[in-house]
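Heads up, the thing below is written out as structure tokens.
Everything quoted here is computed from the prediction, not taken from an experiment. The analysis underlying the following values was restricted to heavy atoms, covering all of them including side chains, and did not include hydrogens, waters or symmetry mates.
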Amino acid sequence: MSSFAPSAMTSGPSKASSTNDMASRAIPAGSVPPIAAKTADRIGSTGLSMPAALQRRLPRFATSSLLVAGDIASYLVAYFALLSFLPEGAEGRLAERAFILTALAAIVLYASAGLYPGYRLHDHEHLRRRTIAAVKVAVLTVFGAIILPDGERLLLAIIGFLGLGLIVQPIVHWLARGLCWKLGIWGERAVIIGGRNLAPALVAHFKRHWQYGIRPESFSPDTSEALPDGGPSIALIAADAGSLAPDLAAMRRKFAEVILLSDTPSLKVSGLRPADVGGEIGIRLATGGSPVNSDLVRRALDLAIAIPAAIVVAPFIAIAAAAIYVIDPGPVFFRHAREGLSGKPVYVLKLRTMYRDAEQRLEALFRENPAMRAEWLAHFKLKDDPRVLPVIGHLLRSSSFDELPQLANIIAGEMAIVGPRPFPEYHLLAMDGEFRDKRRSVTPGLTGLWQISERSNADIELQQQLDEFYIDNRSLWFDCQILFSTIPAVFKRRGAY
């Protein structure tokens, strides 16, 4: 399962988040080229060459080393941030040694969790594994504080050290991954095997979402050139596996790993999971439900975030409301009925960013400009919208500040911090009924997956695909990753209008 928020995650292969994210296209049966005739290794034209195994492992080792160095740097930042609070003398030196042991333990646990280099993991899976590792170290620290003499004096300092490290690490990890990408050592080389109409789209998708750790290479049926030693170790196959049965054995001899993509432009099966049934390999189709305990935790987190946030932003909302009234006197808040959990109506609260006669302006625009009507039908938004109030309207919409009054909806329990955005009825009518039923199964949110990836650039099909992926893979960790990604997405203002 993969998503590019989906780094996730992120209709078409260039925009969505995982193999779940491809648009529907037809792939003729048997369109994948036979590989049995292409398994002979090409002899290098140069005299001496690096062994194939080393060629494959060296970039991975270099990437892992840089990521480890980044985590060490993160703990150094945490150490220097706490340095002024540490006692002097022998007790201070003891704390420093404890920090070193704590950092080493955390890095060992990160390594055992597969975070070095951490290819093909969602951002929220990175967050989950790092947090679990830090909690394990914290538990060991508490245990040590109990059994060691005067150990309780170090307990608070070590927990603060771990917490600061956990905050800094995602930033440093992102920088380290970017450096590895620029150096050309990030990711695993993989050949994309599919029909002529599919392979280029998959290659473009993985190149755009490079954070996932797949370096795609097309496998052309028009060339008899064999794959060299030290070439790609992974084959990604997007087609009917039945048509490939004669070639799978040869592929397994040639490649260290063969991945059959379950969700491709020709096939979308939501909620696909591997399953082991009595020793037999199979698949299961899982629904996007969540345990009751998880919903209770979500509600507690929503209130813990929404109540303080509402208090902080209230003065700024008042200032924005005054500016709206000066430009276009009238109600400064806008309430609109949207579809919520179980289909119940939710009256979403927003700051008004449009003229009061917005509907009449829109109708007049459509009569005069058919191209704008086509843009509206694709996105239900307009980049150059004449209904938007000058200055204040554009500022509020591009920053998503007009959505902040919905904190009141969250406190009332009608919305959540993270979830599919509540759409107007005319927007939902463009989506199929089955998907609308799935949307009703979760509480709508203030922010969601498509807000942090495409925002207003997403058309109806892509909005539906991203929301469906979120619902099928919904978890507290996924919610945390979306929440953390919302702030940089807002500041970038990409696709917001």
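Considering only residues two or more places apart in sequence or on other chains, A322 meets the side chain to side chain contact (heavy atoms under 4.5 Å, CB included) condition with none of them. Taking the side chain to side chain contact (heavy atoms under 4.5 Å, CB included) definition, one finds that I317 meets it with V313, F333, L351, F401, L404, P405, sequence neighbours left out. Residues meeting the side chain to side chain contact (heavy atoms under 4.5 Å, CB included) test with D432, sequence neighbours left out: E434, F435, Q464.
Atom CD1 of I327 is separated from atom CD1 of I392 by 6.0 Å, given to the nearest 0.5 angstrom. I452 contributes atom CD1, which lies 6.5 Å from atom OG1 of T447 (distance to the nearest 0.5 angstrom). We find the CG-CG distance between L66 and L179 to be 5.5 Å, quoted to the nearest 0.5 Å. Put simply, CZ on F334 and CZ on R352 are 10.0 Å apart, with the number rounded to the nearest 0.5 Å. One distance of note links CD1 of I324 with CD1 of I319; it measures 12.0 Å at 0.5 Å rounding. Expressed to the nearest 0.5 Å, how far CZ of R298 lies from CZ of R474 amounts to 4.0 Å.
Salt-bridge check for D472 with K438: passed, with a basic side-chain N closer than 4.0 Å to an acidic carboxylate O. Ion pair E425/R436 flagged as a salt bridge, since at least one NZ, NE, NH1 or NH2 atom sits closer than 4.0 Å to an Asp/Glu carboxylate oxygen. Ionic pairing of D328 and R361 is not present here: no N-O contact between side-chain nitrogen and carboxylate oxygen is shorter than 4.0 angstrom.
In plain terms, the two heavy atoms of L109 and A133 that are nearest each other are CD1-O, 3.6 Å. Minimum interatomic distance between G393 and V388 (heavy atoms only, all atoms of both residues): C-CG1, 3.6 Å. Taking both residues in full, the closest heavy atoms of L67 and P117 are given as CD1-O, 3.4 Å, listed atom of the first, atom of the second, then distance. P216 and V203 get closest at one heavy-atom pair: CG-O, 3.5 Å. Residues A78 and G165 approach most closely at CB-N, 3.9 Å, considering heavy atoms. For Y470 against P420, the heavy-atom pair with the smallest separation is CE2-CD, 3.9 Å.
Sequence neighbours left out, not one pair with a member in residues 309-324 passes side chain to side chain donor-acceptor pair (under 3.5 Å). For residues 402-415, every residue pair satisfying the side chain to side chain donor-acceptor pair (under 3.5 Å) rule, not counting sequence neighbours, is listed here: E403-Q406, E403-R421, Q406-R421, N409-E414.
By the neighbour-count criterion of 12 heavy atoms within 6.0 Å, atom CG of L183 is densely surrounded, having more than that number from other residues, nucleotides or ligands. Within 6.0 Å of atom CD in E257, more than 12 heavy atoms from other residues, nucleotides or ligands are found, so the atom counts as buried in its surroundings.
Residues Y110 and R130 form a side-chain contact, since some pair of their non-hydrogen atoms from C-beta on lies under 4.5 Å apart. Within the 4.5 Å cutoff, the side chain of E359 has heavy atoms near those of the R387 side chain. Using a 4.5 Å heavy-atom threshold, the side chains of V68 and I107 count as touching. Side chains of D123 and F484 form no contact here, defined as non-hydrogen atoms less than 4.5 Å apart. Using a 4.5 Å heavy-atom threshold, the side chains of E188 and R120 count as touching. For the pair T353/L389, no side-chain contact is recorded, criterion being any heavy-atom separation below 4.5 Å from C-beta on. Within the 4.5 Å cutoff, the side chain of V172 has no heavy atoms near those of the V77 side chain. Within the 4.5 Å cutoff, side-chain heavy atoms of L162 are placed close to those of T102.
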One pair to check against side-chain contact (heavy atoms from CB on, under 4.5 Å): E339 and F423. What are the steps and the verdict? CA-CA 7 Å; E339 191 172 69; F423 287 145; over 6 Å; no

Tell me, with the steps shown, if H122 and Q481 meet side-chain contact (heavy atoms from CB on, under 4.5 Å). CA-CA 9 Å; H122 302 300; Q481 186 262 322; over 6 Å; no

Go through the steps to decide whether R189 and E217 satisfy the test side-chain contact (heavy atoms from CB on, under 4.5 Å), and finish with yes or no. CA-CA 7 Å; R189 294 176 62 191; E217 301 176 12; 2.6 Å; yes

Could you walk me through whether L115 and D71 pass the side-chain contact (heavy atoms from CB on, under 4.5 Å) test, one step at a time? CA-CA 11 Å; L115 291 175; D71 283 336; over 6 Å; no

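Using cut-offs of 30° and 60° on the angle between ring planes, the pair W181 and W210 is parallel. Ring geometry, F478 versus H124: the interplanar angle falls under 30°, so the pair is classed parallel (tilted spans 30 to 60°).
Y119 places a side-chain N or O within donor-acceptor distance of the main-chain N or O of G187, the cut-off being under 3.5 Å. D357 places no side-chain N or O within donor-acceptor distance of the main-chain N or O of Q360, the cut-off being under 3.5 Å. Proximity of a side-chain donor or acceptor of N473 to a complementary backbone N or O of F469 within less than 3.5 Å is detected. Between the side chain of R128 and the backbone N or O of L476 there is no donor-acceptor pair closer than 3.5 Å. D302 contributes no side-chain N or O that, together with a main-chain N or O of A416, makes up a donor-acceptor pair within less than 3.5 Å. In this structure, the side chain of T486 engages the main chain of I482 through a donor-acceptor pair within 3.5 Å.
F206 does not carry R215 over the face of its six-membered ring by the limits of under 6.0 Å from the centre and within 45° of the normal.
Each of Y75, Y79, F85, F80 was compared with F161 under the ring-ring contact (aromatic ring centres under 6.0 Å, His included) criterion, and only Y75 meets it.
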Which side-chain N or O atoms in residues 341-349 pair as donor and acceptor under 3.5 Å with protein atoms at least two apart or in another chain?
none

